[in-house]
Protein chains: 2
Amino acid sequence: MAHRPIPEPFQRDRHDHQECVSSAVEAAHELCVRRRIRLTELRRRVLELVWGGHAPIGAYDILDTLRGERRSAAPATVYRALDFLLENGLVHRIESLNAFVGCGAPRQAHSGQFLICRACDTVAEIDDGEIAGVLSRNAAKLGFRVDRQTVELTGLCPACADAAG
Amino acid sequence: MAHRPIPEPFQRDRHDHQECVSSAVEAAHELCVRRRIRLTELRRRVLELVWGGHAPIGAYDILDTLRGERRSAAPATVYRALDFLLENGLVHRIESLNAFVGCGAPRQAHSGQFLICRACDTVAEIDDGEIAGVLSRNAAKLGFRVDRQTVELTGLCPACADAAG
DNA sequence: TGTATTTTGTTATGTTATAACATACTATGT
DNA sequence: ACATAGTATGTTATAACATAACAAAATACA
């Protein structure tokens, strides 16, 4: 079935963000059906909260909101839901921020690279085969076999770079 | 003046590690003289502890050792020394591990890329211009201006890859 | 020597994450 | 429908990582 595509990196001004959230939840739902795993109410809700914006959100920020809705919410509640979402590629962890962002393209397996604006906190995920290729290849030249790539580029997004001159 | 070079990534079997430590301390000393900043006893000692091996070490592991030598040691003691060493490029932080490794080539400014063996915990720093170039260039194509690159590749080093088959 | 600056000491607290065990829910075979 | 195995969540406690704020000591340097 057809989804409206999630906006491309940094083309995000004045977009209907609710559309991002519902697309992400719908994609997650389909992925879970396909894999015969359960997108429970809790997991769906945590996914929505991660998709609250295009900025990374911390586990305890998620918890703060969740507590207003579910009196049993505790750190383990959130971390377990996040673990599930991470394992299934529905969210990514930004290591340099100890925070989480939604994955815009959960269909394909990928590690992804992240562009993190230090001014507006927006994170764009890219899945750049050239980058992944150079990393794997150059590691392999040293005899290193790469399992997982963590690539996080911090700087200024186009809008903030313009504003900063 | 001449230093014996710190061993190349993954050529580290049976090397004299004390040589790595003393090289690193000597390089740090010279860098601090040149920059007119102070490599105090505390900072020198923390640098040595970071260089205790080629595996990343956590701040609280450093603290545990330091407490045996200096009864006033507290978290802030260690973090302040680490901040100094980080600012001056003498150590690097491995974001995906919340831990620190010594920098083998503190003379030049660089962000570096890290190859982290998940079997033996050895970390090798590389400073690969091709990688840095592709990252900056491909981010720039999207209008993103990169300040800082975090590149951490987890996998198996040559020795552990051989052992694993 | 006096004074400004930097470094370290000290205490407290904030933030992020996991362990361990109990209970509840869901799917499946009979 | 029932038993039961497996999965998910509740609950309490604690571990691991990091910073804030102010005092005291050491150092640089006029």
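Below, chain A is the first sequence line, B the second, and so on; all start at residue 1.
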* Do Val33(B) and Leu42(B) sit in the same hydrophobic cluster, where Ile, Leu, Val, Met, Phe, Trp and Tyr count as joined when their side-chain heavy atoms come under 4.5 Å apart? -> no

* What salt bridge (charged side-chain N to carboxylate O under 4.0 Å, His left out) pairs are there with at least one residue in residues 60-73 of chain A, not counting sequence neighbours? -> Arg45(A)-Glu69(A)

* To do: Kindly write out the residues that satisfy side-chain contact (heavy atoms from CB on, under 4.5 Å) with Ala28(B), not counting sequence neighbours, or none if the list is empty.
  => Leu39(B), Leu47(B), Leu90(B)

* **Axis-to-axis angle between the two ends of the helix from dT1(C)-dA30(D) to dT30(C)-dA1(D) (five base pairs per end, rounded to 10 degrees)** => 30°

* Sub-4.0 Å heavy-atom contacts from residues 71-86 of chain A onto DNA chain C, ordered by number -> Pro75(A), Ala76(A), Tyr79(A), Arg80(A)

* **Set of residues satisfying side-chain hydrogen bond (donor to acceptor under 3.5 Å, both in side chains) with respect to Arg35(B), sequence neighbours excluded** => Asn88(B)

* Partners passing side-chain hydrogen bond (donor to acceptor under 3.5 Å, both in side chains) against Glu41(B) (at least two apart in sequence or in another chain) -> Arg44(B)

* side-chain hydrogen bond (donor to acceptor under 3.5 Å, both in side chains): which pairs involve residues 134-154 of chain A, sequence neighbours left out? -> Glu95(A)-Arg148(A), Ser96(A)-Glu152(A), Ser136(A)-Gln149(A), Asn138(A)-Lys141(A), Asn138(A)-Asp128(B), Asn138(A)-Glu130(B), Asp147(A)-Arg118(B)

* Asked: On DNA chain D, nearest-nucleotide positions of Tyr60(A) versus Gly58(B): which is more 5'?
  -> Tyr60(A)

* Of all residues at least two apart in sequence or in a different chain, which pass the ring pair (Phe, Tyr, Trp, His ring centres under 6.0 Å) check with Phe100(A)? -> none

* Are any of the side-chain heavy atoms of Cys32(A) and Arg38(A) separated by less than 4.5 Å? -> no

* Leading and trailing nucleotides of DNA chain C with any atom under 4.0 Å from heavy atoms of chain A -> dT16(C) to dT26(C)

* Asked: Contacts to DNA chain C from residues 34-46 of chain A, heavy-atom cutoff under 4.0 Å, which residues?
  -> Arg38(A)

* What residues, two or more places apart in sequence or in another chain, satisfy ring pair (Phe, Tyr, Trp, His ring centres under 6.0 Å) together with His17(A)? -> His15(A), His54(A)

* Check side-chain contact (heavy atoms from CB on, under 4.5 Å) between Ala119(A) and all other residues, then give those that pass, not counting sequence neighbours. => Cys117(A), Leu156(A), Cys160(A)

* side-chain contact (heavy atoms from CB on, under 4.5 Å), paired with Phe114(A), selected from Val123(A), Ile126(A), Leu153(A) -> Val123(A)

* How about Leu63(A) and Thr77(A): do any of their side-chain heavy atoms sit closer than 4.5 Å? -> no

